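As the structure is a prediction and not an experimental result, all values here were calculated from the model.
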There are 2 protein chains.
Amino acid sequence: MQGIREQKKRKTRSAIMEAAVRLFSERGFEKTSIEQLARAAGIGKGTIYSYFQTKTEIFHAFCEDELDFIHSELLTKTNPDSPLIEQLMILYMGEFSLIAENKEFGRLMMQQMVFPVETEHAKTREIDDRWLALVFSLYRRAQERNELRRDIDLLYIAGHFYGLYIMAVSAWYSGRIQTEEVGSGMRLLFQQALDGLAPSVADKAHYESKEL
Amino acid sequence: MQGIREQKKRKTRSAIMEAAVRLFSERGFEKTSIEQLARAAGIGKGTIYSYFQTKTEIFHAFCEDELDFIHSELLTKTNPDSPLIEQLMILYMGEFSLIAENKEFGRLMMQQMVFPVETEHAKTREIDDRWLALVFSLYRRAQERNELRRDIDLLYIAGHFYGLYIMAVSAWYSGRIQTEEVGSGMRLLFQQALDGLAPSVADKAHYESKEL
DNA sequence: GGTAAATCTCGACCGTGGTCGATTTTAGAA
DNA sequence: TTCTAAAATCGACCACGGTCGAGATTTACC
C-alpha cells in the first residue's frame, strides 16, 4: 500500500480547509487561532505546519477558493454583447460585494493580493493569471466591437481597469466614499479611462474660444 | 509648573520616534520588537503603549514622516511648466524609489495606506489630504494649459493617476515586472489614461475600413 | 512477518505584541 | 511644605504564531 499516506494527507488537508472556511467565516481570520483550527480539523497544532507554512498561507488558499468561485460565477452573469463598461461593472461590483460582505476578510485579501510577499508570488500569480485569461476574451471582444483601441497590449488594458478598481476599493477602505457610492465612483473612473483625461480637439477649441 | 508633564511627554514621544527610525532602518519593522524599541528609547515596554496603541501605529507615524518629507522634496523637483506626464513621472517615480529602496517597508506602507484599518482612517486621511492639496495645484495648472479636461473633478483625476501608480507598484510586488520596468510601464499607463482606451473617431474609421 | 529508513504527528517550548494593576511621579489645594 | 487625586511608568503576565525534536506510523525491502 503506497497510497495510504497520500490518501490521509489529502483527507487531512481538506479537513483543515473545511475547518478554515467554517472558523474564518464564523469568527474571522484574526480571531481564529492555529490551535483552534487544528482542533477543529482533528489534528495537533504542529501538524498544521506540515500542510501550510504560515497562517497567511491558509488564508491564501481560502481566498483562492473564494475568488475562483466568484470569478467563474460572475463571468456567466455578464452578457457578452452589452457594452464593455456594463460588463466591467458586473465583474468588479461582484468582486466588491464579496469584499463588502466581510470587510476584514476583504482587507486582508486585497492587502495580500495587491502587495504580496515573495513567498506568495507563485500562488497570487496563478490566481491572477486565471482571472486574466477570463477577462482577456472580454476585452478582445470589445476590441472587435471597436469599443477599445487595438494598439494597446491587453495586459495594459486589464491593468488599467484593475488599477481603477483598486482605487475605488481603496477609497472605500479609507472611508472617503460609502458603500453605496462605490458603484458610481467606479463607473465614473472607467468612463474617464475610456474617454481619456486629455481634452479632445473639440474640447480644446472650446476652451480656447472661451479664453479670448 | 503645569508644563513638566507636557514637556516630558513630548520628549519621550520623540525619543520613541528616533529609536523607531533608527531600529526600523537598521533591522526592519518586523525584526524590531517593542521591547527593543522601548529600551532604545530609554523607557519600559508598557510605556510605549501610552504613546501608541499598536506597533502598526508607530509604523504609521514613521511613514508619515517619510512621506511628508519625500513629497515636499519631490514637488520642488518638478518643473511646473513641463508636460503633466513628466511631472507625474517625477512625483510617482520618486515615491517608488523610496519603496524600491526598502521593499519590506514599502510593502507594509502600501498595504496600510491603500487598505487602512478603521482605527487608522484619521491618520491616513490626513496624509492623503496633504498630498492631494499639493498635487491639485499641479493638475489645475495642467487644466489651464489644456492638458486635462476641465469637466472632471480634480479628485477623480488625482484618483485615476494614483490608481495607475498603485497598479504599477502592485505589478512590481507581484514579480510581474522588474524594478527597471516600473518607469516605462507607469508612463504607458499614464499616457493611456490621457489618450483614452476607446478608439478615436479616426481610429474607428481606420478599423472599419480594414474590416471591409 | 520482520526490520530499518523515511515520513508524519504532536505538544512543550520560544519570542512576540499587547494587557493590567501595582507603584511612582506630578499637579494643585490647603 | 504637606497631602491627595490624577496621570504616567513599569514589567510580570497572557495568548498567539511558529519551531523543534521525540515518538508514532508508513513504506520498502528481505
Side-chain angles (χ1 to χ4, degrees), chain A residues 1-20 23-24 26-63 104-105 107-108 111-112 117-120, chain B residues 1-20 23-24 26-63 104-105 108 111-112 116-120:
Chain A
M1 292 288 155
Q2 199 261 88
I4 278 190
R5 229 169 194 146
E6 279 293 313
Q7 207 175 327
K8 255 194 178 174
K9 284 211 97 177
R10 264 201 305 278
K11 229 176 174 174
T12 305
R13 192 176 206 285
S14 64
I16 296 175
M17 281 311 297
E18 275 167 42
L23 294 183
F24 287 172
E26 265 174 41
R27 346 180 178 179
F29 173 71
E30 320 231 76
K31 300 255 159 138
T32 304
S33 73
I34 294 281
E35 180 87 43
Q36 291 170 332
L37 210 53
R39 291 302 163 214
I43 57 178
K45 178 181 171 181
T47 308
I48 292 255
Y49 287 91
S50 49
Y51 291 85
F52 299 93
Q53 294 199 3
T54 63
K55 195 183 178 187
T56 317
E57 204 174 301
I58 305 176
F59 183 72
H60 258 86
F62 176 69
C63 287
E104 186 225 0
F105 154 79
R107 176 167 39 238
L108 280 171
Q111 287 179 344
Q112 306 288 326
V117 292
E118 272 81 359
T119 53
E120 303 286 357
Chain B
M1 290 288 156
Q2 200 262 88
I4 277 191
R5 222 162 200 152
E6 279 293 313
Q7 207 175 328
K8 253 195 178 175
K9 284 210 96 177
R10 263 202 304 279
K11 229 177 175 174
T12 305
R13 205 195 140 86
S14 64
I16 296 175
M17 282 310 298
E18 274 167 42
L23 294 183
F24 288 172
E26 265 174 40
R27 346 179 179 180
F29 174 71
E30 320 231 77
K31 300 255 160 137
T32 304
S33 73
I34 295 281
E35 180 87 45
Q36 291 171 333
L37 210 53
R39 291 305 163 208
I43 57 176
K45 178 181 170 182
T47 308
I48 291 257
Y49 286 91
S50 49
Y51 290 85
F52 299 93
Q53 294 199 3
T54 63
K55 194 183 179 187
T56 317
E57 203 174 301
I58 304 176
F59 183 72
H60 257 88
F62 176 69
C63 289
E104 185 225 0
F105 154 79
L108 281 171
Q111 287 178 344
Q112 306 289 323
V117 293
E118 271 82 358
T119 52
E120 302 286 358

* Asked: Between A:Gln53 and A:Gln36, which is nearer to the 5' end of DNA chain D once each is assigned its nearest nucleotide?
  -> A:Gln36
* So which nucleotide from D:dT9, D:dG18, C:dG11 ends up closest to the side chain of A:Lys45? -> D:dG18
* To do: Check whether any side-chain N or O of A:Gln111 sits under 3.5 Å from a backbone N or O of B:Gln111 as a donor-acceptor pair, and report yes or no.
  => yes
* To do: Starting at atom CD of B:Gln7, determine the distance to atom C1' of D:dA7, rounded to an integer number of angstrom.
  => 17 Å
* **Whole-Å gap separating P (D:dA15) and CD (A:Glu30)** => 18 Å
* Does A:Lys8 have a side-chain nitrogen or oxygen under 4.0 Å from the phosphate oxygens OP1 or OP2 of D:dT26? -> yes
* Measure from CD on B:Glu35 to P on D:dA12 and round the result to the nearest Å. => 9 Å
* Asked: Any idea which heavy atoms bring B:Thr56 and B:Gln112 closest together, and the distance?
  -> CG2-OE1, 3.3 Å
* Asked: How close do B:Lys31 and B:Gln36 get, heavy atom to heavy atom, and via which atoms?
  -> O-OE1, 3.5 Å
* OP1 or OP2 of C:dC8 less than 4.0 angstrom from a side-chain nitrogen or oxygen of A:Thr47, does that happen here? -> no
* **Phosphate OP1/OP2 of C:dC8 contacted by A:Arg13 side-chain N/O (<4.0 Å)** => no
* **Which nucleotide in C:dG17, D:dG17, D:dT9 has an atom nearest any side-chain atom of B:Tyr51** => D:dT9
* Measure from the side chain of B:Ile43, starting at C-beta and using heavy atoms only, and say which of D:dC10, D:dT9, C:dG18 lies closest. => D:dC10
* For A:Tyr49 and C:dG11, what is the distance between atoms OH and C1' respectively, to the nearest whole Å? -> 13 Å
* Asked: Does a nitrogen or oxygen in the side chain of A:Lys9 sit under 4.0 Å from OP1 or OP2 of C:dC8?
  -> yes
* Counting only heavy atoms not in A:Gln7, do more than 12 sit closer than 6.0 Å to its CD atom? -> no
* To do: Identify, between B:Thr56 and A:Gly46, the residue whose nearest nucleotide on DNA chain C lies closer to the 5' end.
  => A:Gly46
* Separation of A:Lys11 atom NZ from C:dT9 atom P, in whole Å? -> 13 Å
* State which of D:dT9, C:dT9, C:dC10 makes the closest approach to the side chain of A:Ser50. => C:dT9
* To do: Check whether any side-chain heavy atom of B:Phe105 lies under 4.5 Å from a side-chain heavy atom of B:Phe62, and answer yes or no.
  => yes
* Structure fact -> Taken to the nearest whole Å, CD1/A:Ile48 to C1'/D:dG18 is 12 Å
* Asked: Could you state the CD1-C1' distance from A:Ile34 to C:dC13, rounded to the nearest angstrom?
  -> 16 Å
* Tell me: CG of B:Leu37 to C1' of C:dG15, nearest whole Å? -> 16 Å
